[in-house]
Student: 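Quick one: the structure is below, questions incoming.
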Amino acid sequence: MKHEEVKTNSTFPVGEPNEAFAKFFVGQSYLASLAADPALDVMIGNVTFEPGCRNNWHIHRGGYQVLLVTGGEGWYQEEGEDARFLTAGDVVITHDGVKHWHGASADSWFQHIAITAGTPEWLEAVSEHQYQQVHA
Ligand code: MN
């Protein structure tokens, strides 16, 4: 598997196995909170995905999300759009109400910082068929 260094040699903390959100993910992810200041209206966390791990389709209601890719290889897809291949240095902006998912490639670790405002609405899992399609 490619890019294991994102877990073993991460600039930002990798954190603990992401148990709190595990039911909204396929595969194992890790989450470290980087900033959770109650005076701010955003949460900033570092999310590390094992190969094949991705989150369910979801919507950031009443807010937005900015992803800053820090390592590995992964994917971002909005409903009805082609998936976008992501590597370190990529920036993704998700607007309020847009259904999407993000996660690792099948053969690579992946890591992004997520800056998130609003409330997530978690939807169905990305099916194996949908996930295979983005790699085609
Ligand atoms: Mn998201």
Side-chain angles (χ1 to χ4, degrees):
M1 293 296 173
K2 295 189 283 186
H3 295 294
E4 192 167 5
E5 75 278 1
V6 303
K7 180 161 187 285
T8 58
N9 194 26
S10 177
T11 300
F12 291 95
V14 170
E16 300 300 318
N18 189 2
E19 306 295 353
F21 293 92
K23 64 187 172 196
F24 307 122
F25 282 63
V26 170
Q28 184 67 60
S29 67
Y30 300 82
L31 176 64
S33 177
L34 303 181
D37 187 320
L40 305 182
D41 64 357
V42 296
M43 301 284 291
I44 305 177
N46 189 27
V47 187
T48 304
F49 303 77
E50 69 174 8
C53 177
R54 68 274 189 179
N55 51 33
N56 289 5
W57 291 97
H58 62 285
I59 297 169
H60 299 288
R61 293 280 183 201
Y64 58 84
Q65 187 170 62
V66 180
L67 305 178
L68 307 176
V69 179
T70 49
E73 299 176 10
W75 296 94
Y76 171 83
Q77 187 174 28
E78 296 184 351
E79 188 176 46
E81 303 292 333
D82 290 337
R84 182 177 162 195
F85 183 65
L86 300 174
T87 59
D90 284 332
V91 176
V92 176
I93 297 172
T94 306
H95 293 111
D96 191 353
V98 176
K99 182 176 174 179
H100 68 286
W101 64 272
H102 29 116
S105 289
D107 64 350
S108 179
W109 287 79
F110 179 61
Q111 186 182 71
H112 63 53
I113 290 171
I115 301 167
T116 309
T119 304
E121 178 184 348
W122 292 102
L123 302 167
E124 72 277 13
V126 177
S127 70
E128 281 301 318
H129 178 71
Q130 289 173 323
Y131 187 66
Q132 298 297 335
Q133 284 295 108
V134 306
H135 293 79

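For ligands, and for the atoms within them, numbers begin at 1 and follow the listed sequence.
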Student: Need one value: angle at the Mn ion (ligand 1), His100 atom NE2 versus His60 atom NE2, rounded to 10 degrees.
Tutor: 100°

Student: Quick one: the NE2 of His58, the Mn ion (ligand 1), OE1 of Gln65 angle, rounded to 10°, please.
Tutor: 160°

Student: Does the side chain of His95 come under 3.5 Å of the side chain of His100 through a donor N or O and an acceptor N or O?
Tutor: no

Student: Between the Mn ion (ligand 1) and His102, which N, O or S atom of the residue is the nearest one?
Tutor: NE2

Student: Compute whether any side-chain donor of one residue and acceptor of the other, for Glu73 and Thr87, lie under 3.5 angstrom apart.
Tutor: no

Student: Should we count CG of Asp82 as having more than 12 external heavy atoms under 6.0 Å?
Tutor: no

Student: Compute whether any side-chain donor of one residue and acceptor of the other, for His135 and Gln133, lie under 3.5 angstrom apart.
Tutor: no

